[in-house]
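For reference, the structure discussed in these notes is given below.
We count ligands from 1, going down the list as the structure has it; atoms in each ligand are counted the same way.
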Amino acid sequence: MCAAPRNRLSRRRFAQALGLAVLPGAGAGAGAGAGADVARAAQRARVTIRLSHVVARQTPKGLALEHFRERVRVLSQGEIEVLIYPNSLLYGDEDEMQALQLGAVDMLAPSLSKFGPIGFPEFELFDLPFMFDATAQVHRTMQGAVGRELLDLLSRQRLLGLGYLDNGFKHMSANRPLLAPADFVGLRVRIQSSRVIAHQMRALGAKPVVLTFGETHRALAAGVVDGTENPVSNFWTQRMHQAQTDLSLTAHGYLGYAIVVHQQFWQYLEPADRAVVEQALAESLAWGNAIAQQENDEALAALRASGATRIHALDAVQRQRLRHATRGVHEALAARIGADWLRRMRGAAAAAA
Ligand code: LMR
């Protein structure tokens, strides 16, 4: 948190207590424009909160976080300022979690897939192919015991999960239609750093290549990878259509986010400030979840209108074949995190259907 002098000192002490140097913060790390933003906010507000993410503003996550910034400003009557660094401007996938641990950034909204590599493989339950059929079903699962327990796990690393946020269902892209398992054979496919997603790609005969989100467009354009998966809002706003001739609407997996802070940052907030942040977040996550589908629909309409990428719908039989080809991925995750997690997640998803 970049805050009033008392809080700013606290953040430095926090990093020192961990025996770590404070990473280049908002002012130093984000370029002159961002540095000026920080300086202006620090003058105006009693408390500033630095929030970093990797996607464009015009996405479900980008918009929900802008909404959060505005609600915090209104509810705190301008005393708390949220500084948002979108599009990997401040930190990318690889270093944002470390920055949060160091106190160099205060709040993140990583995809659920990005918690596996930092020691929470249980979050990969959300990556399982064909686990969910509809977003409402995902929401009910998240709001239930399994969703709450997953967020509680974050305390193992002194993190605090403040809620979930949607993007939507992922689809597959490449320079050819991907309608059957045979279409994937030999493709190098960019994935997030999730072992479940890697296994899913191998099960389809593709070669998974882990790259940060920020690198993906370039890697597709350069032919370093042949394809990728993401909801259409990310595909469109990262201009992946310029590098992919075909998008197949596989809806094979879900992409959502957890809002996360470090416990130490949370404790530094005054109780009244914490209440403002909680209220603003609850409102903004509900708002974001309500607009996510529409954002993805609009991105799909824009993509169609651009004529840049051929769009392929899959029928039920084609989806069933992909489901069948990837079914072993579920049991492999169960072997890593415990069969009980998978049983409970499946039970929650079935009850929420
Ligand atoms: C990705 O890396 O593909 C996504 O997690 C990006 C995001 O945050 O939506």
Practice problem: Report yes or no: do S111 and Q192 form a side-chain donor-acceptor pair below 3.5 Å? | Solution: yes
Quiz item: Side chains of N296 and N167: is there a donor and an acceptor less than 3.5 Å apart?
Solution: yes
Quiz prompt | Lys/Arg N to Asp/Glu carboxylate O, E215 vs R218, below 4.0 Å | solution = no
Exercise. Using distance alone, determine whether K61 and ligand 1 share an N or O pair under 3.5 Å.
Key: yes
Exercise. Would you please say whether a donor-acceptor pair under 3.5 Å links the side chains of S284 and R71?
Key: no
Quiz prompt | Which of the ligand 1 atoms, numbered from 1, are nearer than 4.0 Å to a heavy atom of N234 | solution = 6 (C), 7 (C), 9 (O)
Quiz prompt | K114: numbered ligand 1 atoms lying under 4.0 Å from its heavy atoms | solution = 1 (C), 2 (O), 4 (C), 5 (O), 6 (C)
Quiz item: Short list, please: which atoms of ligand 1 are under 4.0 Å from a heavy atom of S111?
Solution: 5 (O)
Quiz item: Under 4.0 Å from any heavy atom of V55, which atoms of ligand 1 are there?
Solution: 6 (C), 7 (C), 8 (O), 9 (O)
Quiz prompt | T212, portion touching ligand 1 at heavy-atom distance under 4.0 Å | solution = neither
Quiz item: Of all the non-hydrogen atoms in the protein, which one sits nearest to atom 1 (C) of ligand 1, and at what distance?
Solution: F213 CD1, 3.3 Å
Quiz item: Measuring from the heavy atoms of H53, does anything fall under 4.0 Å of ligand 1?
Solution: no
Practice problem: Can you label the angle between the Y254 ring and the F169 ring as parallel, tilted or perpendicular, going by 30° and 60°? | Solution: perpendicular
Practice problem: Under 4.0 Å from a heavy atom of R190: give me the atoms of ligand 1 that qualify, with their elements. | Solution: 1 (C), 2 (O), 3 (O)
Quiz prompt | Donor on one side chain, acceptor on other, E295 and Q58, under 3.5 Å | solution = yes
Practice problem: For atom 5 (O) of ligand 1, find the nearest protein heavy atom and state the residue, atom name and distance (0.1 Å precision). | Solution: Q192 OE1, 2.7 Å
Quiz item: Going by atom types alone, do Q279 and E283 pair a side-chain donor with an acceptor below 3.5 Å?
Solution: yes
Quiz item: For atom 9 (O) of ligand 1, what is the nearest protein heavy atom, given as residue, atom name and distance?
Solution: Y257 OH, 2.5 Å
Exercise. Pick one of side chain, backbone, both or neither for how L255 approaches ligand 1, counting any non-hydrogen atom pair under 4.0 Å.
Key: side chain
Exercise. Before accepting this row, confirm whether a basic side-chain N of the pair D246/R176 lies closer than 4.0 Å to the acidic partner's carboxylate O.
Key: no
